[in-house]
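First comes the structure, then the notes that go with it.
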Amino acid sequence: MTEARELLLSRIRDVPDYPQPGVMFKDITPLLADPAAFTVLTDTLAELCVRHGATKIVGLEARGFILAAPVAVRAGLGFIPVRKAGKLPGATLSQAYDLEYGSAEIEVHAEDLATGDRVMVIDDVLATGGTAEASLQLIRRAGAEVAGVAVLMELGFLGGRPRLEPALQGAPLDALITL
């Protein structure tokens, strides 16, 4: 895993002062553009999904879609997008959550998750944990079980893991890189 971690980390570009002064943005587009690195990432996440007994994969809007869809194909599992409110047609379940300044809401198609599903949540970054926490609530409200959460990067200094741990209810949280 150390070799894979180093490859992935080497393909993440630091962009200073984006989206605002003082922020060091972690840009994953160079990783996505490198087929070897993207394959390592996809394979590693797919292995986690299989290891944790997932039957479906949820990708969080928007970069989580980019990672979760190929992982679902590689693992032979269904992919379910969790979108910002108002983006999905038809019947949805929604979950509101608090942001640092304000609130947001995410949705999933009501029929995409069911009792007996074991769902792995995949995203690019775990920051404060708000979106991931809301997705776990949404999955459980749909009657499904949480198999775990897997992210490419965890920004440890933002406190997402401690916030998310109660909502995980013992399910694993895997971060391939912790910064």
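No hydrogens, no waters, no symmetry mates; every other heavy atom, side chains included, goes into these values. In what follows, residues are counted from 1 in the order of the sequence shown. Keep in mind it's a predicted model, so treat the numbers as computed, not measured.
Cluster annotation: L179 is connected to L176 through the hydrophobic network of ILVMFWY side chains, with a link wherever side-chain heavy atoms come within less than 4.5 Å. Transitive grouping of hydrophobic side chains (ILVMFWY, heavy atoms separated by less than 4.5 Å) keeps M153 and F65 in distinct clusters. When the side chains of ILVMFWY residues are joined at heavy-atom separations under 4.5 Å, either directly or via intervening members, F79 and I106 end up in two distinct hydrophobic clusters. Residues Y97 and V58 are members of one and the same hydrophobic cluster, defined by side-chain heavy-atom contacts under 4.5 angstrom among Ile, Leu, Val, Met, Phe, Trp and Tyr.
R118 places a side-chain N or O within 3.5 Å of a backbone atom of H52 that can act as its donor or acceptor partner. Looking only at distances, no side-chain donor or acceptor of D14 sits under 3.5 Å from a matching main-chain atom of K26.
Residue V73 shares its hydrophobic cluster (ILVMFWY side chains chained together at separations under 4.5 Å) with no other residue.
Contact detail for V71 and C49: the closest heavy-atom pair is CG1-SG, 3.9 Å. Nearest heavy atom pair, residue G116 against residue T55, reads O-OG1, 4.4 Å. Nearest heavy-atom pair across A4 and V40 is CB-CG1, 3.6 Å. Looking at every heavy atom in both residues, A134 comes nearest to Q95 through O-CG, 3.5 Å. Closest heavy-atom contact between D34 and R11: OD2-NE, 2.6 Å. For the pair L88 and P81, the tightest heavy-atom approach, listed with the atom from each and the gap, is CD1-O, 4.4 Å.
Under the side chain to side chain contact (heavy atoms under 4.5 Å, CB included) rule, L152 has a single partner from V125, T44, I12, D123, which is I12. When E105, R141, R83, E107 are each tested for a side chain to side chain donor-acceptor pair (under 3.5 Å) with S94, only one passes: E105.
Every side chain to side chain contact (heavy atoms under 4.5 Å, CB included) that D112 has, sequence neighbours left out, goes to I80, H109. Residues satisfying the side chain to side chain contact (heavy atoms under 4.5 Å, CB included) test with A114, not counting sequence neighbours, are D117.
No more than 12 heavy atoms of other residues, nucleotides or ligands lie within 6.0 Å of OH in Y18, so this atom counts as exposed by the packing criterion.
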